[in-house]
Amino acid sequence: MANSLVVLDFETTGLSPQQGDRAIEIGAVKLVNGEVVDSFQALMNPGRKVSGFIEDYTGISNEMLASAKPNAEVMEEFCDFISGNNLLAHNASFDQKFLDAELAKIGRSYQGQFVCSLLTSRRIYQDAPNHKLGTLIRYKGIIGDGSFHRALYDAQMTAKLWQVMLLDIEAQLGEALSSSYQGVPFSLIQKIANTPKAKVAKLLASY
DNA sequence: TGCCAGGCCCTCTTTAGGGCCTT
């Protein structure tokens, strides 16, 4: 699909699938030409209790998970949802490793490439106090109800941040944009995210 | 029982260490 992107966020039992941690919620929004056209949200039952820390951190209780669909069923549906799209997450390496781990358990895979709003923001917003999602939302004056650490809300906020970041990148590109311009190319975003911070200004100036 | 990640990025770097991010 042309110029489409799925912004996703996992809530999990911990930090490392290699240490046995599992996903407990997935939230995502689909952007086409920068506009939200669809969303996905589901709790999933990982088959074991989550810690009190995770219950407090996410607001997702063991009681809520007890009645949720199992991970395999949810991830089958989510794999269909992301099919054919590139993917975006805040600190994408985290969400990518859980996506990879959960899909490996059901023998599914995806073709899209990840881009990371955290790495991009470190280059575009070098004056931000820090690059936590909540901080960047406040830094850019984005309106929200503050329900961080739930998957759909975090995905929605990441999508809003992404929309603002694209506008800010476009503003820096300025007159380099042609009349046939249809949005910041995904390849340019990847290049920005992989360029050393000190060289980003030069990259944008030369585009 | 006790312990627990890992990629990115900066710097007092590269024969390394530590903070930032994600749950």
Test item: A:Asp21 side-chain N/O and A:Leu15 main-chain N/O as donor-acceptor pair under 3.5 Å: yes
Sugar-phosphate, base or nothing in reach of A:Asn130, heavy atoms under 4.0 Å: sugar-phosphate
Side-chain donor-acceptor contact under 3.5 Å, A:Tyr125 with A:Asp168: yes
B:dT1 to B:dG17 separation - P atoms, rounded to the nearest Å: 34 Å
Spacing of the P atoms in B:dC20 and B:dT15 (rounded, Å): 26 Å
Interatomic distance where CD1 belongs to A:Ile60 and P belongs to B:dT23 [whole Å]: 10 Å
Parallel, tilted or perpendicular, as decided by the 30° and 60° cut-offs, for the rings of A:Phe98 and A:Phe10: tilted
Pairwise P distance, B:dC10 and B:dC4 [rounded to whole Å]: 28 Å
Between B:dG19 (C1') and A:Leu118 (CG): distance, integer Å: 13 Å
Touch class at under 4.0 angstrom, heavy-atom based, for A:Leu133 against every strand present: sugar-phosphate
Nearest-nucleotide 5' precedence on DNA chain B, A:Gln19 against A:Lys197: A:Gln19
Derivation and outcome, salt bridge (Lys or Arg N to Asp or Glu O under 4.0 Å), residues A:Glu11 and A:Arg150: CA-CA 7 Å; A:Glu11 304 305 317; A:Arg150 284 301 299 269; over 6 Å; no
Whole angstrom value for the distance that separates P of B:dC21 from OH of A:Tyr125: 15 Å
Interatomic distance, A:Asn91 CG vs B:dT23 C1' [rounded to whole Å]: 10 Å
Which nucleotide in B:dT23, B:dT22, B:dG6 has an atom nearest any side-chain atom of A:Tyr57: B:dT23
Aromatic ring pairing A:Tyr153/A:Phe148, orientation class (parallel under 30°, perpendicular over 60°, tilted between): perpendicular
Residue pair A:Asp100, A:Arg108: steps toward the salt bridge (Lys or Arg N to Asp or Glu O under 4.0 Å) verdict: CA-CA 9 Å; A:Asp100 291 351; A:Arg108 296 286 302 270; over 6 Å; no
A:His131 side chain near B:dC20 phosphate (N/O to OP1/OP2, under 4.0 Å): no
Donor-acceptor side-chain pairing of A:Gln163 and A:Glu35 below 3.5 angstrom: no
Heavy-atom neighbours of A:Lys132 NZ exceed 12 at 6.0 Å: no
Parallel, tilted or perpendicular: rings of A:Tyr110 and A:Phe114 (30°, 60°): perpendicular
Distance between P atoms of B:dC3 and B:dG7 (Å, rounded): 24 Å
Separation between the C1' atoms of B:dT23 and B:dT11, rounded to whole Å: 29 Å
Nearest-Å distance for atom pair CG/C1', residues A:Asn194 and B:dG7: 12 Å
For DNA chain B, the residues among residues 92-102 of chain A that have a non-hydrogen atom under 4.0 Å from it: A:Phe94, A:Lys97
Euclidean distance for C1', B:dT13 against B:dC8 (whole angstrom): 15 Å
Distance in angstrom units between A:His90 NE2 and B:dT23 C1', rounded: 14 Å
Nearest-angstrom distance from the residue atom CG of A:Leu136 to C1' of B:dT22: 13 Å
Touch class at under 4.0 angstrom, heavy-atom based, for A:Thr58 against every strand present: sugar-phosphate
Partner residues of A:Glu77 under the side chain to side chain donor-acceptor pair (under 3.5 Å) criterion, sequence neighbours left out: A:Lys69
Neighbours of DNA chain B within residues 142-158 of chain A, by heavy-atom distance under 4.0 Å: A:His149, A:Asp154
Integer-rounded Å distance: B:dT22 C1' and A:Glu25 CD: 15 Å
No-hydrogen, no-angle side-chain donor-acceptor test under 3.5 Å, A:His90 and A:Ser117: yes
Closest-nucleotide 5' rank along DNA chain B - winner of A:Phe53 and A:Pro196: A:Pro196
